[in-house]
Amino acid sequence: TANLFFGFYTIVQAQAGNFFNASLGIVFAGICDALDGRVARLSKTTSKFGLEYDSLADIVSFGLAPAILAFHAGHLEGFRRTGFVIAFLYVACAALRLARFNVHVSRYSGRFEGLPSPAAAGMVSATQLFVSFLRDEQIGVAVPEALVAAGVAALGLLMVSAIPYRSFKEVDLRHSYRAIVMMVLVLAVVIQEPQIALFVIGVLYVASGPVEWIWRMLSGHPLEKLPAPVAPETPQETTS
């Protein structure tokens with residue numbers, strides 16, 4: 001519910017022209033989404049209803065909300081029908097990505113197939129926060145509408161692609177000293193300059209999928225695929 005609240009908050013703030021607050025709404029939605037999943041798994045309260053409800057909330061928070069933010073903050077209305085289509089493309093790709101995540105098991109261990117929708121939404125949010133930071137520092141920056149449109153379309157297509165992205169679910173903070181140190185360092189950097197750090201982290205993660213995918217193709221080191229799940233046998237009808 002908190003995830004859905006912040007998604008709705010982002011939409012309202014974006015339509016009102018409060019793009020900084022709208023960007024923060026996506027950040028808080030991502031935090032709530034991450035905590036909801038971990039709490040449910042730790043408390044063993046996961047359910048089919050919770051999964052479906054979470055997916056519907058994610059479509060609002062990580063599909064519709066960032067698309068509306070990009071549409072208004074990036075002035076995509078200047079493209080008229082094309083701007084509307086690009087924003088809709090993002091929403092449709094986010095919905096398809098979430099549906100695939102629910103029904104399709106990843107082919108690779110420790111990897112998502114396609115850019116996760118929270119990461120794509122976070123990239124939209126981090127970009128707006130970074131632009132706001134530059135303007136607050138009196139650094140003149142004018143982001144071309146065509147660049148915004150291309151970025152939104154690229155994020156949408158990456159979500160529905162088959163490019164593997166690291167999930168980091170295998171990282172064990174309870175037993176890995178190195179992971180704890182890295183987490184502390186990342187938090188220290190984010191706290192120091194959050195608007196810059198979030199943007200850099202977002203760019204690095206979004207680019208990591210295609211870069212690693214191309215490197216593995218060229219170097220001949222493909223990821224090892226997981227065995228395909230065995231479909232349950234259906235009992236055959238007998239006639240007497």
Side-chain angles (χ1 to χ4, degrees), residues 1-34 36-37 51-104 112-131 143-163 165 198-199 202-203 205-206 209-210:
T1 302
N3 177 5
L4 185 60
F5 169 82
F6 283 114
F8 181 72
Y9 173 84
T10 295
I11 294 172
V12 173
Q13 293 296 321
Q15 291 181 329
N18 301 321
F19 304 134
F20 181 84
N21 292 340
S23 300
L24 289 181
I26 293 178
V27 173
F28 287 123
I31 294 173
C32 291
D33 182 65
D36 285 346
L51 178 64
E52 297 299 331
Y53 181 80
D54 185 64
S55 294
L56 292 174
D58 286 352
I59 291 177
V60 176
S61 301
F62 307 130
L64 187 60
I68 291 178
L69 174 60
F71 183 84
H72 290 292
H75 305 291
L76 295 185
E77 65 271 12
F79 289 103
R80 298 184 180 181
R81 184 178 301 176
T82 302
F84 172 82
V85 170
I86 290 173
F88 173 75
L89 172 68
Y90 181 95
V91 178
C93 289
L96 290 170
R97 172 67 180 81
L98 290 164
R100 183 176 66 178
F101 177 77
N102 286 343
V103 302
H104 179 66
F112 292 119
E113 280 202 47
L115 178 66
S117 58
M123 189 70 256
V124 175
S125 171
T127 301
Q128 180 57 40
L129 290 174
F130 181 63
V131 171
V143 182
E145 288 81 1
L147 181 60
V148 176
V152 172
L155 289 174
L157 295 177
L158 283 173
M159 281 191 284
V160 296
S161 71
I163 296 176
Y165 276 87
L198 291 175
F199 177 74
V203 170
Y205 184 73
V206 171

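As the structure is a prediction and not an experimental result, all values here were calculated from the model. The chain is numbered in sequence order, starting from 1.
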Closest non-hydrogen atoms of Cys93 and Leu157, given as atom of the first, atom of the second and distance, are SG-N, 4.3 Å

Can you give the donor-acceptor pairs under 3.5 Å from side chains of residues 118-127 to other protein atoms, not counting sequence neighbours?
{"unit_1": "Ser125", "atom_1": "OG", "unit_2": "Ser23", "atom_2": "O", "d": "2.6"}
{"unit_1": "Thr127", "atom_1": "OG1", "unit_2": "Met123", "atom_2": "O", "d": "2.7"}

Contacts of type side-chain contact (heavy atoms from CB on, under 4.5 Å), residue Ile31, not counting sequence neighbours = Val27, Phe28, Leu35

Tell me, which pairs form a salt bridge (Lys or Arg N to Asp or Glu O under 4.0 Å) where one or both residues lie in residues 112-121, sequence neighbours left out?
-> Arg107-Glu113

Ser55: what forms a side-chain hydrogen bond (donor to acceptor under 3.5 Å, both in side chains) with it, not counting sequence neighbours?
-> Asn102

Please state whether the rings of Phe130 and Phe199 are parallel, tilted or perpendicular, taking 30° and 60° as the class boundaries.
-> parallel

Please set out all donor-acceptor pairs under 3.5 angstrom arising from side-chain atoms of residues 56-72, sequence neighbours excluded.
{"unit_1": "Asp58", "atom_1": "OD1", "unit_2": "Asn3", "atom_2": "ND2", "d": "2.7"}
{"unit_1": "Ser61", "atom_1": "OG", "unit_2": "Asn3", "atom_2": "O", "d": "2.7"}
{"unit_1": "Ser61", "atom_1": "OG", "unit_2": "Asn3", "atom_2": "OD1", "d": "2.6"}
{"unit_1": "Ser61", "atom_1": "OG", "unit_2": "Ala57", "atom_2": "O", "d": "3.2"}

Hey, are the side chains of Tyr165 and Leu158 touching, using non-hydrogen atoms and a 4.5 Å cut-off?
-> yes

CG (Leu89) and OG1 (Thr82) are apart, to the nearest 0.5 Å, by 12.0 Å

Which atom names give the shortest non-hydrogen contact between Met159 and Ser117, and what distance separates them?
-> SD-CA, 3.7 Å

Apply side-chain contact (heavy atoms from CB on, under 4.5 Å) to the pair Phe79 and Val85, showing each step before the final yes or no.
-> CA-CA 10 Å; Phe79 289 103; Val85 170; over 6 Å; no

Extract all donor-acceptor atom pairs below 3.5 Å that involve side chains of residues 5-16 and protein atoms in other chains or at least two apart in sequence.
{"unit_1": "Thr10", "atom_1": "OG1", "unit_2": "Phe6", "atom_2": "O", "d": "3.0"}
{"unit_1": "Thr10", "atom_1": "OG1", "unit_2": "Ala22", "atom_2": "O", "d": "3.1"}
{"unit_1": "Thr10", "atom_1": "OG1", "unit_2": "Ile26", "atom_2": "N", "d": "3.3"}
{"unit_1": "Gln13", "atom_1": "OE1", "unit_2": "Asn18", "atom_2": "ND2", "d": "2.9"}

